Amino acid sequence: MPIQFENVSVRFGEAVVLHDISLELRERRIGLIGNNGSGKSTLARLINGLILPTAGRVSVDDLDTQTHAQEIRRRVGFVFQNADAQIVMPTVAEDVAFGPKAHGLPPDVATARGAAALQRFGLDTFRERACFTLSGGEKQALALAGVMALDPAWIVFDEPTTMLDRKRAKQAMAAINGLSQNVIVVTHHVELLGNFERVIVLDGGKVVCDDTPAKAITYYVENFT
(Lines give C-alpha, C1' and ligand atoms only; values in the text may rest on other atoms or scores of the structure.)
Protein backbone atom coordinates (compact mmCIF):
# COMPACT_ATOMS: atom_id res chain seq x y z
CA MET A 1 0.00 0.00 0.00
CA PRO A 2 2.15 2.92 -1.21
CA ILE A 3 1.89 6.50 0.02
CA GLN A 4 2.54 9.02 -2.73
CA PHE A 5 3.30 12.73 -2.72
CA GLU A 6 2.99 14.29 -6.16
CA ASN A 7 4.39 17.84 -6.43
CA VAL A 8 2.97 18.73 -3.02
CA SER A 9 3.21 22.22 -1.58
CA VAL A 10 1.64 23.64 1.58
CA ARG A 11 1.05 27.30 2.41
CA PHE A 12 -0.08 28.74 5.71
CA GLY A 13 -1.04 32.28 4.81
CA GLU A 14 1.97 33.82 3.10
CA ALA A 15 4.37 31.21 4.44
CA VAL A 16 5.30 28.28 2.20
CA VAL A 17 5.89 25.33 4.56
CA LEU A 18 6.51 22.61 1.97
CA HIS A 19 7.85 23.15 -1.56
CA ASP A 20 7.01 20.79 -4.43
CA ILE A 21 7.52 17.47 -2.59
CA SER A 22 7.41 14.25 -4.62
CA LEU A 23 7.91 10.97 -2.75
CA GLU A 24 6.78 7.37 -2.85
CA LEU A 25 6.81 5.64 0.54
CA ARG A 26 6.75 1.84 0.64
CA GLU A 27 9.34 0.76 3.20
CA ARG A 28 8.30 -0.77 6.54
CA ARG A 29 10.38 1.64 8.64
CA ILE A 30 10.86 5.25 7.55
CA GLY A 31 12.29 8.13 9.60
CA LEU A 32 11.63 11.84 9.01
CA ILE A 33 14.22 14.19 10.48
CA GLY A 34 15.09 17.87 10.31
CA ASN A 35 15.44 20.90 12.53
CA ASN A 36 12.45 22.80 13.93
CA GLY A 37 10.52 24.46 11.11
CA SER A 38 11.86 22.11 8.45
CA GLY A 39 8.38 20.88 7.52
CA LYS A 40 8.62 17.31 8.78
CA SER A 41 5.53 17.40 11.03
CA THR A 42 3.53 19.08 8.27
CA LEU A 43 4.58 16.35 5.85
CA ALA A 44 3.56 13.68 8.39
CA ARG A 45 0.12 15.25 8.88
CA LEU A 46 -0.49 15.28 5.14
CA ILE A 47 -0.40 11.50 5.03
CA ASN A 48 -3.82 10.91 6.56
CA GLY A 49 -5.47 14.21 5.76
CA LEU A 50 -4.91 16.08 9.02
CA ILE A 51 -3.52 18.78 6.71
CA LEU A 52 -4.46 19.06 3.03
CA PRO A 53 -2.02 20.19 0.35
CA THR A 54 -2.31 23.66 -1.12
CA ALA A 55 -1.02 22.25 -4.40
CA GLY A 56 -0.33 18.73 -5.63
CA ARG A 57 -1.74 15.40 -4.49
CA VAL A 58 -1.24 13.05 -1.53
CA SER A 59 -2.64 9.54 -1.85
CA VAL A 60 -2.66 6.27 0.06
CA ASP A 61 -3.26 3.18 -2.06
CA ASP A 62 -4.39 5.64 -4.76
CA LEU A 63 -7.02 7.21 -2.45
CA ASP A 64 -6.72 11.01 -2.46
CA THR A 65 -6.61 12.66 0.97
CA GLN A 66 -8.73 15.52 -0.40
CA THR A 67 -11.70 13.21 -1.06
CA HIS A 68 -11.17 10.00 0.93
CA ALA A 69 -9.88 11.21 4.29
CA GLN A 70 -12.09 8.95 6.43
CA GLU A 71 -11.13 5.79 4.55
CA ILE A 72 -7.47 6.77 4.64
CA ARG A 73 -7.61 7.27 8.42
CA ARG A 74 -8.69 3.65 8.79
CA ARG A 75 -5.56 2.67 6.87
CA VAL A 76 -3.13 5.19 8.38
CA GLY A 77 -3.09 5.75 12.14
CA PHE A 78 -1.52 8.86 13.64
CA VAL A 79 0.00 9.03 17.14
CA PHE A 80 0.57 12.56 18.39
CA GLN A 81 3.51 13.71 20.48
CA ASN A 82 1.13 14.67 23.29
CA ALA A 83 -1.23 11.79 24.08
CA ASP A 84 -3.74 14.20 25.63
CA ALA A 85 -4.36 15.55 22.12
CA GLN A 86 -6.03 12.30 21.07
CA ILE A 87 -7.62 10.99 24.27
CA VAL A 88 -11.20 12.21 23.96
CA MET A 89 -13.40 9.99 26.15
CA PRO A 90 -13.69 9.88 29.95
CA THR A 91 -12.72 6.25 30.57
CA VAL A 92 -10.05 4.00 29.09
CA ALA A 93 -12.55 1.48 27.64
CA GLU A 94 -14.64 4.23 26.04
CA ASP A 95 -11.61 5.95 24.58
CA VAL A 96 -10.06 2.90 22.95
CA ALA A 97 -13.40 2.01 21.30
CA PHE A 98 -14.06 5.56 20.12
CA GLY A 99 -12.10 5.32 16.85
CA PRO A 100 -13.71 2.09 15.60
CA LYS A 101 -17.18 3.42 16.47
CA ALA A 102 -16.46 6.74 14.73
CA HIS A 103 -15.48 4.80 11.60
CA GLY A 104 -18.80 2.98 11.54
CA LEU A 105 -18.01 -0.36 13.11
CA PRO A 106 -20.87 -1.95 15.12
CA PRO A 107 -20.63 -1.22 18.86
CA ASP A 108 -19.89 -4.86 19.79
CA VAL A 109 -17.10 -5.08 17.21
CA ALA A 110 -15.64 -1.74 18.32
CA THR A 111 -15.72 -2.85 21.96
CA ALA A 112 -14.05 -6.16 21.13
CA ARG A 113 -11.31 -4.45 19.12
CA GLY A 114 -10.74 -1.99 21.92
CA ALA A 115 -10.50 -4.75 24.53
CA ALA A 116 -7.96 -6.65 22.41
CA ALA A 117 -5.85 -3.50 21.96
CA LEU A 118 -5.89 -2.78 25.70
CA GLN A 119 -4.74 -6.30 26.45
CA ARG A 120 -1.94 -6.03 23.90
CA PHE A 121 -0.52 -2.96 25.62
CA GLY A 122 -1.04 -4.11 29.18
CA LEU A 123 -3.97 -1.81 29.87
CA ASP A 124 -6.77 -4.36 30.25
CA THR A 125 -6.95 -3.88 34.03
CA PHE A 126 -7.39 -0.12 33.47
CA ARG A 127 -10.65 -0.41 31.51
CA GLU A 128 -12.79 1.52 33.98
CA ARG A 129 -10.13 4.03 34.97
CA ALA A 130 -10.65 7.70 34.18
CA CYS A 131 -8.18 8.67 31.47
CA PHE A 132 -7.00 11.76 33.35
CA THR A 133 -5.71 9.55 36.20
CA LEU A 134 -3.23 7.71 33.95
CA SER A 135 0.48 8.44 34.02
CA GLY A 136 2.19 9.95 30.99
CA GLY A 137 3.47 6.57 29.84
CA GLU A 138 0.05 4.96 30.32
CA LYS A 139 -1.56 7.73 28.28
CA GLN A 140 0.95 7.11 25.48
CA ALA A 141 0.09 3.41 25.56
CA LEU A 142 -3.64 4.22 25.46
CA ALA A 143 -3.15 6.55 22.47
CA LEU A 144 -1.35 3.79 20.59
CA ALA A 145 -3.98 1.21 21.62
CA GLY A 146 -6.68 3.48 20.22
CA VAL A 147 -4.88 3.64 16.89
CA MET A 148 -4.25 -0.11 16.85
CA ALA A 149 -7.96 -0.79 17.45
CA LEU A 150 -8.52 0.44 13.87
CA ASP A 151 -6.01 -2.16 12.57
CA PRO A 152 -4.26 0.31 10.23
CA ALA A 153 -1.70 -0.69 7.61
CA TRP A 154 0.51 2.32 8.47
CA ILE A 155 1.15 4.21 11.70
CA VAL A 156 2.71 7.68 11.78
CA PHE A 157 4.41 8.75 15.03
CA ASP A 158 5.03 12.46 15.51
CA GLU A 159 7.95 12.92 17.93
CA PRO A 160 7.12 9.87 20.10
CA THR A 161 10.28 10.20 22.20
CA THR A 162 10.61 13.96 22.69
CA MET A 163 9.28 14.01 26.26
CA LEU A 164 11.06 10.82 27.30
CA ASP A 165 14.48 10.28 28.83
CA ARG A 166 16.97 8.22 26.83
CA LYS A 167 16.09 4.91 28.51
CA ARG A 168 12.35 5.33 27.94
CA ALA A 169 12.97 6.60 24.41
CA LYS A 170 14.80 3.37 23.59
CA GLN A 171 11.94 1.36 25.11
CA ALA A 172 9.40 3.28 23.05
CA MET A 173 11.35 2.70 19.84
CA ALA A 174 11.67 -1.01 20.67
CA ALA A 175 7.87 -1.16 20.97
CA ILE A 176 7.48 0.67 17.67
CA ASN A 177 9.94 -1.66 15.95
CA GLY A 178 7.91 -4.62 17.23
CA LEU A 179 4.78 -3.54 15.37
CA SER A 180 3.76 -5.44 12.25
CA GLN A 181 2.52 -2.26 10.56
CA ASN A 182 4.53 -0.02 8.29
CA VAL A 183 5.80 2.82 10.45
CA ILE A 184 6.83 6.44 9.81
CA VAL A 185 8.56 8.21 12.72
CA VAL A 186 9.18 11.94 13.00
CA THR A 187 11.97 12.44 15.52
CA HIS A 188 14.90 14.53 16.72
CA HIS A 189 16.48 11.43 18.27
CA VAL A 190 18.24 10.37 15.08
CA GLU A 191 20.35 7.75 16.84
CA LEU A 192 17.20 5.66 17.33
CA LEU A 193 16.69 5.22 13.57
CA GLY A 194 19.76 3.08 12.88
CA ASN A 195 17.80 -0.06 12.02
CA PHE A 196 15.24 1.71 9.82
CA GLU A 197 15.19 1.11 6.08
CA ARG A 198 15.00 4.73 4.96
CA VAL A 199 15.51 8.18 6.47
CA ILE A 200 14.35 11.42 4.84
CA VAL A 201 15.90 14.76 5.82
CA LEU A 202 13.91 17.97 5.38
CA ASP A 203 15.14 21.55 5.49
CA GLY A 204 13.24 24.68 4.58
CA GLY A 205 10.27 22.65 3.40
CA LYS A 206 12.31 20.61 0.92
CA VAL A 207 13.72 17.08 0.87
CA VAL A 208 17.48 17.56 1.03
CA CYS A 209 18.49 13.93 1.59
CA ASP A 210 16.65 10.62 1.15
CA ASP A 211 18.83 7.59 1.81
CA THR A 212 19.81 4.79 4.16
CA PRO A 213 19.92 5.69 7.87
CA ALA A 214 23.72 5.79 7.94
CA LYS A 215 24.01 8.19 5.00
CA ALA A 216 21.00 10.36 5.84
CA ILE A 217 21.90 10.75 9.52
CA THR A 218 25.51 11.58 8.64
CA TYR A 219 24.25 14.22 6.21
CA TYR A 220 21.97 15.70 8.87
CA VAL A 221 24.65 15.76 11.58
CA GLU A 222 27.24 17.32 9.28
CA ASN A 223 24.91 20.01 7.95
CA PHE A 224 22.38 20.85 10.64
CA THR A 225 23.81 20.16 14.09
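Residues take their numbers from the sequence shown, with the count starting at 1. The analysis underlying the following values was restricted to heavy atoms, covering all of them including side chains, and did not include hydrogens, waters or symmetry mates. Just so it is clear, the model here is predicted, and its values are computed rather than measured.
Identified under the ring-ring contact (aromatic ring centres under 6.0 Å, His included) test for residues 128-158, with sequence neighbours left out: none. Listed by first and then second residue, the ring-ring contact (aromatic ring centres under 6.0 Å, His included) pairs involving residues 27-79 are Phe78-Phe80 (not counting sequence neighbours).
With hydrogens and angles disregarded, a donor-acceptor distance shorter than 3.5 Å links the side chain of Lys40 to the backbone of Gly34. Of the possible donor and acceptor atoms, none in the side chain of Asp61 sits under 3.5 Å from a partner among the backbone N and O of Leu63. The backbone N or O of Ser38 lies less than 3.5 Å from no partner atom in the side chain of Asp203, so there is not a single donor-acceptor pair. Asn182 places a side-chain N or O within donor-acceptor distance of the main-chain N or O of Arg26, the cut-off being under 3.5 Å.
Between the side chains of Asn35 and Tyr220, at least one donor-acceptor pair of N or O atoms lies under 3.5 Å.
There is no path of hydrophobic side-chain contacts, each under 4.5 Å, that joins Leu52 to Ile47. Residues Leu50 and Ile21 share a hydrophobic cluster, clusters being chains of Ile/Leu/Val/Met/Phe/Trp/Tyr side chains in contact below 4.5 Å.
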Name the atoms and distances for all side-chain donor-acceptor pairs under 3.5 Å in residues 190-197, with sequence neighbours left out.
unit_1: Glu191; atom_1: OE2; unit_2: Arg166; atom_2: NH1; d: 2.6
unit_1: Glu197; atom_1: OE2; unit_2: Arg28; atom_2: N; d: 3.2
unit_1: Glu197; atom_1: OE2; unit_2: Arg29; atom_2: N; d: 3.4

Identify each donor-acceptor pair in which a side-chain atom of residues 103-120 lies under 3.5 Å from a protein atom, sequence neighbours left out, and give them as a table.
unit_1: Thr111; atom_1: OG1; unit_2: Pro107; atom_2: O; d: 2.9
unit_1: Arg113; atom_1: NH1; unit_2: Ala149; atom_2: O; d: 3.2
unit_1: Arg113; atom_1: NH1; unit_2: Leu150; atom_2: O; d: 3.4

What side-chain donor-acceptor pairs closer than 3.5 Å can you find for residues 123-130, not counting sequence neighbours?
unit_1: Arg129; atom_1: NE; unit_2: Thr133; atom_2: OG1; d: 2.9
unit_1: Arg129; atom_1: NH2; unit_2: Thr133; atom_2: O; d: 3.1
unit_1: Arg129; atom_1: NH2; unit_2: Thr133; atom_2: OG1; d: 3.4

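Every residue was checked against the ring pair (Phe, Tyr, Trp, His ring centres under 6.0 Å) condition with Phe5, not counting sequence neighbours, and none meets it.
By the 4.5 Å heavy-atom criterion applied to side chains, Met148 and Val96 are not counted as neighbours.
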